[in-house]
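Side chains are part of it too, since the values below use all heavy atoms of this structure and drop only hydrogens, waters and symmetry mates.
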Amino acid sequence: MKEKNFDHIVTIILLAICVVLATVTIRNNLSNKTDAGKSGLTAQQNKNETATNVSVTKVAEGDFIKYTTIGADIIDESDETDLKSEYAGKVTKIYVKENDEIHKGDIICTLDNSTPGNQYKATDIKSVIDGKVEDVPIYVGETLSETSTTITVQPTPDLRVSAQLPEKYLSILKQGMEATFTTQAWPDDPIEATLTEIGDEVNTTNRTVTIKLKPKDSSKLLAGMFVSLKLITEEVDNCLTVPNDAISSYLDKNVVYIVKDNVATRQTVTTGSSNATVTVITEGLQAGDEVVTAGSVTDQTKVNIVK
């Protein structure tokens, strides 16, 4: 009888332990679910509150300029020139020799152009150009006529920029338009030039027209140099432009993202001409709009503008 009572007591104790363990387990599970729910809610809230850092630029009205860069050559358009005596007479003295540098106003030679029976009359023949003496065909004692050559001069180089410009740009060319060019020797030192000549025919082989420009500074130039010529080939006044980085594609359309109240909104735009940095916008934007130029966004993305 005592053994039965003992077994009964042990059974009750074991059952009580099982009940306690089950209660603790259930309570822990409920607590974990509650914490997980709270954690999930917090994560969702944080996700909703996270903003993407972006850079923006304000759309403004201004002028658009497009440049075209082409290869060109430096050429020398000066030609050897024969200087005439202008007077008849006998050469009494010569002041120059081959390879001398000569300047306008320098004396070439002196003539005795007096007539028989009259007093001696000396006349100086002077250079009318700057350059280098290539030939001196006269000699002391020679009698010259009014059309005799005294010396042959290679004038100071008359350097020009010569380029072959595609014919599609003919409509924008005009005498006097400004341009710049750089040489391979001084690539960071642009030189200004003025358009002086537009060819009167188109090359039918490569569909180009020859243009020539006069440099404003020839001190670093030599005939035969290859240069990079930069011309204005398009101008649009009073237009809206945005940086090229602001434009992306969505469903085969050009779009930008306008920021208002820290939210990015997708906006379809119609684009015009572009250059290396900006694109003309003909429809879809207004002056004052702020568009995203850096930062990954989609429509209705919450953003934080980084100044």
Side-chain angles (χ1 to χ4, degrees), residues 62-81 98-104 127 129-135 152-237 241-247 271-280 293-294:
D63 297 334
F64 169 84
I65 298 177
K66 184 175 183 178
Y67 296 93
T68 294
T69 302
I70 58 175
D73 297 296
I74 300 297
I75 62 172
D76 183 4
E77 293 207 319
S78 63
D79 293 320
E80 286 188 348
T81 302
E98 288 184 12
N99 296 320
D100 280 353
E101 294 292 331
I102 195 168
H103 301 282
K104 183 178 180 179
S127 175
I129 59 174
D130 297 333
K132 180 181 178 182
V133 178
E134 295 290 325
D135 186 30
T152 299
V153 177
Q154 176 62 51
T156 300
D158 182 16
L159 300 181
R160 293 286 191 273
V161 180
S162 178
Q164 305 298 315
L165 190 68
E167 65 174 311
K168 66 180 180 180
Y169 296 123
L170 272 173
S171 61
I172 58 93
L173 293 179
K174 57 183 180 293
Q175 296 278 354
M177 71 182 295
E178 301 295 322
T180 60
F181 66 93
T182 54
T183 65
Q184 292 183 333
W186 292 277
D188 298 322
D189 187 11
I191 300 172
E192 295 181 348
T194 303
L195 182 62
T196 58
E197 184 178 333
I198 302 171
D200 55 8
E201 63 179 5
V202 172
N203 185 320
T204 56
T205 301
N206 58 16
R207 312 311 306 180
T208 62
V209 62
T210 299
I211 61 171
K212 294 179 182 178
L213 304 94
K214 183 175 179 59
K216 293 187 177 180
D217 180 9
S218 300
S219 60
K220 296 180 179 179
L221 303 179
L222 295 173
M225 275 184 165
F226 179 81
V227 301
S228 181
L229 178 64
K230 186 177 180 181
L231 285 167
I232 296 176
T233 52
E234 185 177 356
E235 293 182 90
V236 182
D237 298 331
T241 62
V242 298
N244 294 334
D245 291 339
I247 302 174
T271 59
S273 297
S274 296
N275 59 25
T277 57
V278 299
T279 297
V280 175
T293 56

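- Note that CG of Leu159 is 10.5 Å distant from CG of Asp217, once rounded to the nearest 0.5 Å.
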I would like to know whether Ile211 and Glu197 meet side chain to side chain contact (heavy atoms under 4.5 Å, CB included); could you show each step before the answer? CA-CA 6 Å; Ile211 61 171; Glu197 184 178 333; over 6 Å; no

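- Interatomic distance, Gln154 CD to Lys132 NZ, rounded to the nearest 0.5 Å: 9.0 Å.
- Nearest heavy-atom pair across Ala163 and Ala72 is CB-CB, 3.7 Å.
- Heavy-atom minimum distance, Gly131 versus Val153: CA-CG1, 3.8 Å.
- Here the closest non-hydrogen pair linking His103 and Asp130 is CA-OD1, 3.0 Å.
- Panel note: side chain Asp237, backbone Asp63; no donor-acceptor pair is recorded below 3.5 Å.
- Between Gly272 and Thr279, the shortest heavy-atom contact is O-CG2, 4.2 Å.
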Decide yes or no on side chain to side chain contact (heavy atoms under 4.5 Å, CB included) for Arg160 and Lys214, but give the supporting numbers first. CA-CA 5 Å; Arg160 293 286 191 273; Lys214 183 175 179 59; 3.3 Å; yes

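- Distance CG/Asp135 to CG/Asn99: 10.5 Å, rounded to 0.5 Å.
- A pairwise comparison of heavy atoms in Leu213 and Ala179 identifies CD2-CB, 3.8 Å as the closest pair.
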I'd like to know whether Ser78 forms a side chain to side chain contact (heavy atoms under 4.5 Å, CB included) with Thr156, so could you lay out the CA-CA distance, the side-chain angles of the two residues, the decisive distance to 0.1 Å, and finally the verdict. CA-CA 7 Å; Ser78 63; Thr156 300; over 6 Å; no

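- A distance of 14.0 Å separates CD of Glu178 from NZ of Lys230, quoted to the nearest 0.5 Å.
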Does the side-chain hydrogen bond (donor to acceptor under 3.5 Å, both in side chains) test come out yes or no for Asn275 and Thr277, once each step is laid out? CA-CA 6 Å; Asn275 59 25; Thr277 57; 3.3 Å; yes

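- The structure places OG1 of Thr183 at 5.5 Å from CE of Met225, a figure rounded to the nearest 0.5 Å.
- With a 4.5 Å cut-off on side-chain heavy atoms, Val161 and Ile74 count as touching.
- Of all the heavy atoms in Ser273 and Phe64, the pair that sits closest is CB-CE2, 3.8 Å.
- The backbone N or O of Ile102 lies less than 3.5 Å from no partner atom in the side chain of Asp100, so there is not a single donor-acceptor pair.
- Neither side chain, Gln175 nor Thr196, offers a donor N or O lying under 3.5 Å from an acceptor on the other.
- Of the residues listed (Asp76, Ile75, Asp79), the one engaging Asp158 in a side-chain contact (heavy atoms from CB on, under 4.5 Å) is Asp76, and it is the only one.
- Enclosure of atom NZ in Lys216 by more than 12 non-hydrogen atoms of other residues, nucleotides or ligands within 6.0 angstrom is indicated.
- A side-chain contact (heavy atoms from CB on, under 4.5 Å) with Val278 is found for exactly one of Ile65, Thr241, Ile247, namely Thr241.
- Under the 3.5 Å distance criterion, the side-chain polar atoms of Thr293 are left unmatched by any main-chain donor or acceptor of Asp245.
- A heavy-atom distance below 4.5 Å is found between the side chains of Phe181 and Leu221.
- The line from CG of Leu170 to CD1 of Ile198 is 7.5 Å long, rounded to the nearest 0.5 Å.
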How far apart are the C-alpha atoms of Leu195 and Leu231, what are their side-chain angles, what is the distance that settles it, and do they pass the side chain to side chain contact (heavy atoms under 4.5 Å, CB included) test? CA-CA 10 Å; Leu195 182 62; Leu231 285 167; over 6 Å; no

